[in-house]
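Written out below as structure tokens is the structure these notes cover.
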Amino acid sequence: MGLNYGWVEKQTEMEIFKRIYNYRPLSRNRKEGFEVESDQFIGLRYIIKGDSLVITSAKNGAFAVDIEKGKLLAQEIIEMVEQYEK
């Protein structure tokens, strides 16, 4: 009887997403988590939960960063866009 590592990996992914998405959308409590819709992009949402900023997209998944690193991330994105835009 072999082990099904794919199932374990999938279960771990699901636990991560439960932690990310387990928030109360109408609250503004950072510990509970709350959602802010993007003003610029359809389907893009930001979740503030604890000390994390989670960026979710209807088509492309989720990305989380420590909120204190948000400005550094934004600056790096600006630099990437400036470097590679046509």
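Note that the coordinates shown come from a computational prediction; the quantities given were computed from them, not determined experimentally.
Within a 6.0 Å radius of CG in Asp66, more than 12 heavy atoms belonging to other residues, nucleotides or ligands are found. Other residues, nucleotides and ligands place no more than 12 heavy atoms under 6.0 Å from the CD atom of Gln40.
Summarising the geometry, atom NZ belonging to Lys49 is positioned 14.0 Å from atom CG belonging to Leu53; distances are rounded to the nearest 0.5 Å. Distance CD1/Ile42 to CG/Asp39: 12.0 Å, rounded to 0.5 Å. For the atom pair CD (Glu68) and OG (Ser52), the distance works out to 10.0 Å, reported to the nearest 0.5 Å.
When hydrophobic clusters are built by joining Ile, Leu, Val, Met, Phe, Trp and Tyr residues whose side-chain heavy atoms come closer than 4.5 Å, directly or via intermediates, Ile67 is grouped together with Val36. Note on Phe63 and Val81: same hydrophobic cluster, where clusters join Ile, Leu, Val, Met, Phe, Trp and Tyr whose side-chain heavy atoms are under 4.5 Å apart, directly or indirectly. Ile78 and Leu73 sit in two unconnected hydrophobic clusters of ILVMFWY residues. Membership requires side-chain heavy atoms under 4.5 Å apart, directly or through other members. Note on Ile55: it clusters hydrophobically with Ile77, by side-chain heavy-atom contacts below 4.5 Å among ILVMFWY residues.
Residues that satisfy the side chain to side chain donor-acceptor pair (under 3.5 Å) test with Glu37, not counting sequence neighbours, are Arg45. Partners of Phe41 by side chain to side chain contact (heavy atoms under 4.5 Å, CB included), not counting sequence neighbours, listed by chain and number: Ser38, Leu44. With sequence neighbours left out, Glu79 forms a side chain to side chain donor-acceptor pair (under 3.5 Å) with Gln75.
Looking at Thr56 and Glu35, their side chains never come closer than 4.5 Å, going by heavy atoms from C-beta outward.
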